[in-house]
Protein chains: 2
Amino acid sequence: MVTVAGRRPGRPAGGKLVVDRESLLDAAERAIRRDGPMVSLETIALEAGVTKPVIYARIGDRTELSNALSARLADRIVQSVFSAIAGQPIGRSALVLFLAANLETAAGNRELFFYVTGGSADDSPQRSLLLASNSVTPLAAQLSQWRTDTGHDPAVAEAWSYALIGMLQLTTLWWLNQSALTARDLAEQLAELLWGGLRTPPIA
Amino acid sequence: MVTVAGRRPGRPAGGKLVVDRESLLDAAERAIRRDGPMVSLETIALEAGVTKPVIYARIGDRTELSNALSARLADRIVQSVFSAIAGQPIGRSALVLFLAANLETAAGNRELFFYVTGGSADDSPQRSLLLASNSVTPLAAQLSQWRTDTGHDPAVAEAWSYALIGMLQLTTLWWLNQSALTARDLAEQLAELLWGGLRTPPIA
DNA sequence: GGGTAAACGTACTGTAGGTACGTACATACC
DNA sequence: GGTATGTACGTACCTACAGTACGTTTACCC
């Protein structure tokens with residue numbers, strides 16, 4: 001049994017919560033960074049200076065915690081990607097910037113990335129979908145817009161979004177664990193694939 | 001406490017094992033198909049007519065069970081893909097066949113696919129890599145060969161393999177859960193993406 | 001100042017992974 | 001043909017963790 005030192009039961013003085021939801025998520029991130037993706041809820045609560053029921057009150061069960069942290073990471077990645085390609089003309093070099101920004105942001109949130117992409121808990125695979133959809137939604141909107149603008153069928157946007165996110169997820173996992181490539185080099189390789197690498201003709 | 005009816009402690013008469021490793025994996029698949037990806041080891045053992053320690057003796061812990069089942073599924077997919085594109089000339093239509101065979105085999109092993117791609121257990125994300133590598137290895141060999149044959153750098157093969165597998169994994173998960181597309185239509189959409197869809201020029 | 005509701009911690013339950021150990025059978029050796 | 005040893009089981013336990021019921025302390029309102 002873990003006991004939080006220096007606190008006792010009862011409503012805290014001052015009419016304020018001991019910790020709010022955002023502070024709890026911050027603490028969760030710290031605990032994950034320190035102990036890896038397998039941290040228990042109790043350890044996270046301890047890191048925040050509270051006990052488990054507080055987490056259930058503010059956030060919910062382990063699945064909802066995963067979702068909240070996933071939304072955070074997705075936000076960071078989307079922000080990073082947007083500022084990376086802002087003002088760039090659509091083309092291969094913008095694609096490289098997009099991919100590199102993804103990789104670098106994931107690398108900067110390494111443990112959190114591991115936690116979100118599968119190391120979290122005893123969850124059904126439907127959760128993976130929910131997590132991915134945090135990234136898919138904004139991407140699909142952009143793709144759909146672009147397809148319409150260029151006179152093509154936007155119906156492919158959703159499938160393409162899941163395809164791109166899935167591609168980046170597994171590739172990033174591999175890269176962070178057992179690859180010596182730089183983010184830039186890997187982004188170039190992926191861009192080559194997406195830029196039609198599979199239909200490259202033989203070099204005469 | 002679950003008790004297997006009709007058996008008692010002690011070495012079985014007849015000098016034979018009660019069940020061998022393959023039968024255990026068969027039972028695991030049946031249990032997963034029946035109860036979903038969250039089945040407990042004890043339920044799997046019960047399905048096989050034995051108790052937990054037998055699973056640990058034949059297969060190992062939950063991680064090793066995941067790996068074994070993942071290898072089975074990867075084998076089925078690789079087989080299916082090979083026979084789908086056997087004799088086909090390299091090109092876009094072969095790519096569609098490759099993708100469709102992947103999707104259909106996953107659909108035919110729906111629950112097992114869920115179990116393998118994340119619904120399994122309290123595992124570190126490194127396991128996802130190990131699982132994916134079962135599919136990556138043969139694919140990378142083929143890609144590497146093809147790149148060399150066509151006079152290009154084969155160094156991209158590994159990254160491309162993880163990219164393609166990741167793309168198929170997440171797309172399949174989405175498709176099996178919440179998409180009404182046929183396997184063929186989805187394969188066409190993915191092929192369009194891989195065939196350079198991102199650099200499609202505006203239709204004049 | 002008393003009553004009510006809020007915000008905690010304490011302590012419990014249930015479940016599942018993993019393991020120590022006892023038991024029954026086979027085989028080898030004398 | 002009896003005894004020792006090793007093997008293949010099931011039984012019963014330990015531990016860790018997710019999730020929850022409940023008691024306690026404080027703020028707030030009249």
Side-chain angles (χ1 to χ4, degrees), chain A residues 1-21 23-24 27-28 31-32 35-69 115 119-124 127, chain B residues 1-21 23-24 27-28 31-32 35-69 115 119-124 127:
Chain A
M1 174 55 53
V2 177
T3 300
V4 178
R7 291 210 66 257
R8 297 185 26 195
R11 186 173 182 170
K16 281 191 59 178
L17 298 176
V18 171
V19 285
D20 59 8
R21 182 185 160 96
S23 305
L24 277 183
I32 289 169
D35 295 352
M38 306 283 301
V39 208
S40 72
L41 283 183
E42 188 137 358
T43 302
I44 290 174
L46 190 69
E47 170 69 31
V50 293
T51 52
K52 261 191 302 178
V54 176
I55 294 192
Y56 281 86
R58 301 270 188 291
I59 299 177
D61 61 14
R62 199 176 170 78
T63 300
E64 298 180 67
L65 174 62
S66 267
N67 294 346
L69 291 176
Y115 181 86
S120 66
D122 47 19
D123 265 321
S124 73
R127 194 189 57 87
Chain B
M1 177 54 52
V2 177
T3 300
V4 178
R7 293 207 64 254
R8 296 184 24 193
R11 186 172 182 171
K16 280 193 59 179
L17 298 177
V18 171
V19 285
D20 59 8
R21 182 186 160 98
S23 305
L24 278 183
I32 289 169
D35 295 352
M38 305 283 303
V39 208
S40 72
L41 283 182
E42 189 137 358
T43 303
I44 290 175
L46 190 70
E47 170 70 30
V50 293
T51 53
K52 265 192 299 178
V54 176
I55 294 192
Y56 281 85
R58 300 271 187 290
I59 300 177
D61 61 14
R62 200 177 169 78
T63 300
E64 297 180 69
L65 174 62
S66 267
N67 294 346
L69 291 176
Y115 180 85
S120 66
D122 46 18
D123 265 322
S124 73
R127 195 188 56 87

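In what follows, chains carry the letters A, B, and so on, assigned in the order in which the sequence lines appear, proteins first and then strands, with residues in each chain numbered from 1. Treat the numbers as computed from the prediction; the structure is a model and nothing was measured.
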Closer than 3.5 angstrom, by distance alone: can the side chain of A:R58 be matched with the main-chain N or O of A:S23 as a donor-acceptor pair? no
May I have the distance from B:Y56 (atom OH) to D:dA8 (atom P), rounded to whole angstrom? 19 Å
CD1 of A:I55 versus C1' of D:dC17: gap in Å, rounded? 13 Å
Quick one: B:L41 CG to C:dG18 C1', roughly how many Å, whole number? 9 Å
For the side chain of A:K52 and the base of C:dG9, is some donor closer than 3.5 Å to an acceptor across the two? no
Residues in side chain to side chain contact (heavy atoms under 4.5 Å, CB included) with A:A27, at least two apart? A:R30, A:E47, A:A48
Tell me the closest heavy-atom pair linking B:A31 and B:V39, and the distance in Å. O-CG2, 3.7 Å
Is there a donor-acceptor pair under 3.5 Å between the side chain of B:D61 and the backbone N or O of B:E64? yes
Determine to 10° how strongly the helix from C:dG1-D:dC30 to C:dC30-D:dG1 is bent, judged from the axes of its five-pair ends. 10°
Say you draw a straight line from CG of A:L24 to CD1 of A:I59; how long is it, rounded to the nearest 0.5 Å? 4.5 Å
How many whole angstroms separate atom CZ of B:R62 from atom P of C:dG18? 8 Å
Specify the separation, in whole Å, of atom CD of B:E64 and atom C1' of C:dG18. 13 Å
Could you tell me how far apart B:L46 (CG) and D:dG10 (C1') are, to the nearest whole angstrom? 13 Å
At their closest point, which heavy atom of A:A28 faces which heavy atom of A:L65, and how far apart are they? CB-CD1, 4.3 Å
Out of C:dC8, D:dT11, D:dC17, minimum distance to the side chain of A:S40 belongs to D:dC17
Without decimals, in angstroms, what is the distance between A:E42 CD and D:dT20 P? 15 Å
Check the distance between D:dG19's P and A:L65's CG and give it to me in whole angstrom. 10 Å
